[in-house]
There are 2 protein chains.
Amino acid sequence: MPAPKQTKAPPVMADADIAIVRIAPETSFKNKAYEALKEAILKMDIYATPEQVMLDERALSERLGVSRTPIREAIAMLEQDGFVKTVPRRGIVVVRRTKTEIVDMIRAWAALESMAARLITTTARKKDITALRDFFKDFGKDRLPQDHVEEYSKANIAFHQALISLSESPVLVDLTNDLLLHVRGYRQLTIGRKDRTATSLPEHLGIIEALEARDTELAEKRARDHTLGLAAYVEAHGQELFT
Amino acid sequence: MPAPKQTKAPPVMADADIAIVRIAPETSFKNKAYEALKEAILKMDIYATPEQVMLDERALSERLGVSRTPIREAIAMLEQDGFVKTVPRRGIVVVRRTKTEIVDMIRAWAALESMAARLITTTARKKDITALRDFFKDFGKDRLPQDHVEEYSKANIAFHQALISLSESPVLVDLTNDLLLHVRGYRQLTIGRKDRTATSLPEHLGIIEALEARDTELAEKRARDHTLGLAAYVEAHGQELFT
DNA sequence: TCCTGGTATTTGGTATGCCAAAAATATTCG
DNA sequence: CGAATATTTTTGGCATACCAAATACCAGGA
């Protein structure tokens, strides 16, 4: 790139790169509708309501103040995610997963997380690994997780997400987040259970130790077994939730 | 449920469940367009063309003989899959993955497949496991894979898909297939390489043996290492493909 | 010739309207 | 009264028209 001429030049764009990246294209209605509907679906306790939940395009478009077109596109996206299923001339139903499906998802999650653990042992910085302990700093002998289930549950999810992120693998992160969204509503009812919460913390610390020790095989195994334990728990005790 | 009256009843639906599930709702234009576009994208050699490939809604709608509406819904779905990315007022671009992304996907694939192997050792029937050998029955000492790369590549993919299916885990199957679609076009250029093909067959047989022996840990390890080997290979030798 | 404006065109985004199938409701007839 | 039937309403699918932003193109002037 040639140096700027020293003579008085006509007004040109300043040479210094002004910090203008690109005018942010304000998200389209389609994407706004997608986010809004996704959040609404995740928020509603789908497994608590007895009859199946239906969505109505026209009602939604009126509710969100946009036409049906962007709504329909958002629905199409949600259907790809597996959150809803549209039945022609019938309606749009919010998908309920069966217990078997949830267990299956948790197993896949275990697979992805154990791979993340494996990668972390070879690439992550010690500092970042140790930082994982912070998620549980509020819990200990004098403040047991099983006495603060709700709070621990949040820390738990945050820990797992941070763990996966340390792998620096966008694919693992994305896939896991997707799975977590499906399992989540469910977690509120099961993961928080006291009997499991008690064993959860030590297992988490065990994973962190293996990561710090750069023991690839052990870290993978502990991460896998921990989440598979959850799967087994749901399979054994989650019956009543899927009537 | 009350028992049917024994008196001569007026013509009603037969009691025996006739195997009619539901009149198949002939797929909508939206879904047809989705399948058509997906196939077209996968078929085109996206990594061979120098300039980025763009799609045009109007051209597509004319080409497929439908209006833009179902086309746009199909595009929205493909975008969820990560096959295309639409830029407002600019166009729809077919996404190119970088080498790093492909490697990342293969790692995730390895994670899922190793979990499948794990599950198979505890649930699959001996007969079905043994049947996996059939995919390679056309290859041997007198007919080396590296001399029939194209044919072996197909057998290879079929084997992996059959393997995952044996896990009887819909989630693992779906996630793996999705990943495979992204990696596939790529495989044509890399997996078929002679140097790797030579080691592939023995590794496959090793996996099958571990499955037959119901050795959970070993099967998992072999499945994982086999696919991670592919990831390492692409990472090391796939450079020239991503100019 | 080259730069500058301005104009026409392209392209995705959105709103509307109509259609047919399905469901819900009303009606008719034995 | 009850069941079969006709009618209305509901609902997703699709086509079309218009908009605004981004781009491409073109004419005029230094």
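Here is how names work: the chains are called A, B, and so on, in the same order as the sequence lines, proteins then strands, and each is numbered from 1. The basis for the numbers below is simple: all heavy atoms, side chains too, and nothing from hydrogens, waters or symmetry mates. Every value quoted in this text rests on a predicted model; they were computed, and no experiment measured them.
Considering only the side chain of B/Val66, D/dA15 comes nearest among D/dG13, C/dG13, D/dA15. The side chain of B/Pro70 lies closest to D/dA15 when the candidates are D/dA21, D/dA15, D/dG12. Here the nucleotide nearest the side chain of B/Thr86, chosen from C/dG13, D/dT16, C/dT14, is C/dG13. Of the candidate nucleotides C/dG13, D/dA22, C/dA21, C/dA21 has the atom nearest to the side chain of A/Arg89.
Mapping A/Gly91 and B/Gly65 onto DNA chain D by nearest heavy atom places A/Gly91 at the nucleotide closer to the 5' end.
We find the CZ-CG distance between A/Phe135 and A/Asn156 to be 11.0 Å, quoted to the nearest 0.5 Å. Rounded to the nearest 0.5 angstrom, B/Asp104 CG and A/Leu119 CG are separated by 8.0 Å.
Rounding to whole angstrom units, CZ of residue B/Arg90 and P of D/dA22 are separated by 8 Å. Rounded to whole angstrom, the span from the CD atom of B/Glu57 across to the P atom of D/dA15 amounts to 14 Å. Here the P atom of nucleotide C/dA22 and the CG atom of A/Asp56 are 18 Å apart, to the nearest Å. Nucleotide C/dT11 holds its C1' atom 13 Å from the NZ atom of A/Lys30, rounded to whole Å. As a whole-Å value, the separation of A/Met54 CE from C/dA22 P is 14 Å. Atom CG of B/Leu55 and atom P of C/dG13 are 13 Å apart (whole Å). D/dC14 atom P lies 19 Å from atom CD of B/Glu62, rounded to whole Å. Remark: P of C/dA15 and CZ of A/Arg72 are 14 Å apart, rounded to the nearest angstrom.
No engagement by B/Ser61 is indicated, since no non-hydrogen atom pair under 4.0 Å with the nucleic acid exists. Residue A/Ile71 is out of contact with every strand shown, counting any heavy-atom pair closer than 4.0 Å.
Using a 4.0 Å cut-off, no side-chain N or O of A/Arg68 falls inside it from OP1 or OP2 of C/dT14. Residue A/Ser67 places none of its side-chain N or O atoms closer than 4.0 Å to OP1 or OP2 of C/dT14.
Checked by distance alone, A/Ser28 brings no side-chain donor or acceptor within 3.5 Å of a matching partner on the base of C/dT14. For C/dG12, its base sits under 3.5 Å from the side chain of B/Arg58 at one donor and acceptor pair at least.
Tested against A/Val93 for a side chain to side chain contact (heavy atoms under 4.5 Å, CB included), the candidates A/Val53, A/Thr86, A/Val87, A/Val84 yield a single pass: A/Val87.
Side-chain contact annotation: B/Asn31 with B/Ser28, donor-acceptor N/O pair under 3.5 Å present.
In this structure a side-chain-to-backbone donor-acceptor pair under 3.5 Å is missing from B/Arg68 to B/Ser61.
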